[in-house]
Protein chains: 2
Amino acid sequence: MSDAAPGLNSEQLGAYFALMEVGSLLQYAVDEHLRAAGDLSYVQFQILARLVDAPGGRLRMTDLADGVVYSRSGLTYQAGLLDKRGLIARSPAPDDDRSVLVTVTDAGRDLVAHVLPGHVERVRQLLFDPMTGTDLAALSTVLGRVRDHMRATPPRSAKPRGGRNRAG
Amino acid sequence: MSDAAPGLNSEQLGAYFALMEVGSLLQYAVDEHLRAAGDLSYVQFQILARLVDAPGGRLRMTDLADGVVYSRSGLTYQAGLLDKRGLIARSPAPDDDRSVLVTVTDAGRDLVAHVLPGHVERVRQLLFDPMTGTDLAALSTVLGRVRDHMRATPPRSAKPRGGRNRAG
DNA sequence: TATTGTTATACTCTATAACTATA
DNA sequence: TATAGTTATAGAGTATAACAATA
C-alpha cells in the first residue's frame, strides 16, 4: 500500500508488515515442526505447555481458554482430542461443581519434553540467530510494552454495535 | 516453559512468547475489523492489497500465490470467492497461455479504499500507540533483519511445487 | 440470573492428488 | 518433462446457539 495509508507513516507501515510476516513465517515453521515431531497443532502445544507450567499441572477449562483459544467450544474440541490421546485428563473441580479441572498426564509431559528441544531450536534458528544482543533487549522492551497495552485494551469486548464501518 | 528450555535463555523465551502473542492479537483484531467493515478475510485483503499495489493492478496467479496463501488450490479458492463478488477479474495471459492474469476491478479498489482507514487505525491503536519513537526505530531494525534472514532461510522440507518457500 | 462446560451443526479454510492444457 | 491452474475431495478447526447443571 504505497499510496493510501492515511494513519501510518512509511516506517510504521513497514514495521507492521514486517511484524505480520515474521509472525506468520515463525508460526508456520513452528507449527510444521510440532506436527512432524509430535502430531500436535500449535494450539494443542500451547494447551499442554500452559498445563506443564501450571502449579500441579492443572487448570480449569475457563483459565485455559483465556489466551489460548477464542471460544469455549473450541477448547472443548481441542481438549477432547488431547484427552482421547491420553495427554490430558479431565475431572470435576472439588470446589465448584460447574468447573472442570484439566491435568497433564505423564504422557502429556513426556510429549512436551520430547517436542520442546526441536521447537526451541527452530525458534532460535529463525528468530534469534540473526539478532544481536542489543536487538534482543530492544525487542523485549518494545514487545513487552505493546503486549501490556494490548492486554489492557479490551480486544474482543469492544464490538461496536451500531457500527460505523459497514460495507455498503 | 520455565524449566525445560535448553536452547533459549529466559529473555529470548519471553521475547518469543511476546512476539507470538502480539502477532496473534493483532491478527485477530485486524481480521475482525476487515470482516465487519468489508466482509473480507485477512487473506482476501492481502490479495486485493497486493493487486492494488501492483503495476496495472494485475498479477499472475503464481505471483499472487507467493507469500499470500499456502497452496495453489487455496489461492484458486480465494480468487473464486473474490471473482464471484466482482472484486477481481481473471483473464488469460497473452504471453503465456498457461497463466491467468488477475486484475482488481474498480469495485475491488473501492472496497480496499473503504476498508483501509479503519484497518490502519486499528493497527495504530494497538501497535503504535504504546510505542515511543525509539521503540519504532528499534523494532524496524530488528524485524527487518529477522525478516531478511527468514526469507533467506527456506524451510527444510522445501516442496518441489506449491508451498510457501519463496523469497518474496 | 450468571457462569461453566458440552453438544449439535454449519461453515470456512487448507492441503493433496488427479486432471487439463500449454511451454 | 516441467509449469500454470482448476477441480474433487477430505480433513481440521472455529463459531454460534441451544442445552444442562451449578452458583
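So you know, we letter chains A, B, ... as the sequences are listed, proteins then strands, and number each from 1. Reckoned from all heavy atoms, side chains included, excluding hydrogens, waters and symmetry mates. Since this is a predicted model, take the numbers as computed values, not measurements.
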D148(A) bridged to R145(A) by N-O distance under 4.0 Å:
no
Interface with DNA chain C, restricted to residues 86-100 of chain A and to heavy atoms under 4.0 Å
R90(A), R98(A), S99(A), V100(A)
List in numerical order all residues of residues 71-83 of chain A for which some heavy atom is under 4.0 Å away from an atom belonging to DNA chain C.
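DNA chain C contact set from residues 71-83 of chain A: R72(A), S73(A), T76(A).
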Do Y16(B) and H119(A) have a side chain donor and acceptor closer than 3.5 Å?
yes
Establish, from distance only, whether the side-chain atoms of R90(B) and T103(B) form a donor-acceptor pair under 3.5 Å.
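No, no side-chain donor-acceptor contact under 3.5 Å.
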Rounded to the Å, how far apart are [X] [atom1] and [N] [atom2]?
X: D63(A); N: dT3(C); atom1: CG; atom2: C1'; result: 13 Å
X: D31(B); N: dG13(D); atom1: CG; atom2: C1'; result: 14 Å
X: L64(B); N: dT3(D); atom1: CG; atom2: P; result: 20 Å
X: Q27(B); N: dT14(D); atom1: CD; atom2: P; result: 13 Å
X: M61(A); N: dA21(D); atom1: CE; atom2: C1'; result: 15 Å
X: Y42(A); N: dT14(D); atom1: OH; atom2: P; result: 13 Å
X: L101(A); N: dG5(C); atom1: CG; atom2: C1'; result: 13 Å
X: D39(A); N: dG11(D); atom1: CG; atom2: P; result: 14 Å

Is it the case that the side chain of [X] and the backbone of [Y] share a donor-acceptor pair, with hydrogens and angles ignored and the cut-off at 3.5 Å?
X: Q12(A); Y: N9(A); answer: yes
X: D31(B); Y: Y42(B); answer: yes
X: R122(A); Y: A29(A); answer: yes

Relative to each other, are the rings of Y28(A) and Y70(B) parallel, tilted or perpendicular (30° and 60° limits)?
tilted
Can I get a per-line list of side-chain donor-acceptor pairs under 3.5 Å for residues 104-111 of chain A, giving both atom names and the distance, sequence neighbours left out?
| from | atom 1 | to | atom 2 | distance (Å) |
| --- | --- | --- | --- | --- |
| T105(A) | OG1 | G86(A) | O | 2.6 |
| T105(A) | OG1 | L87(A) | O | 3.1 |
| T105(A) | OG1 | A107(A) | N | 3.4 |
| T105(A) | OG1 | G108(A) | N | 3.1 |

Please give me the minimum heavy-atom distance between A18(B) and L143(A), naming the atom from each residue.
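Scanning both residues completely, I find the closest heavy atoms to be CB-CB, 3.9 Å.
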Which nucleotide sits closest to the side chain of S41(A): dC13(C), dA4(D), dG13(D)?
dG13(D)
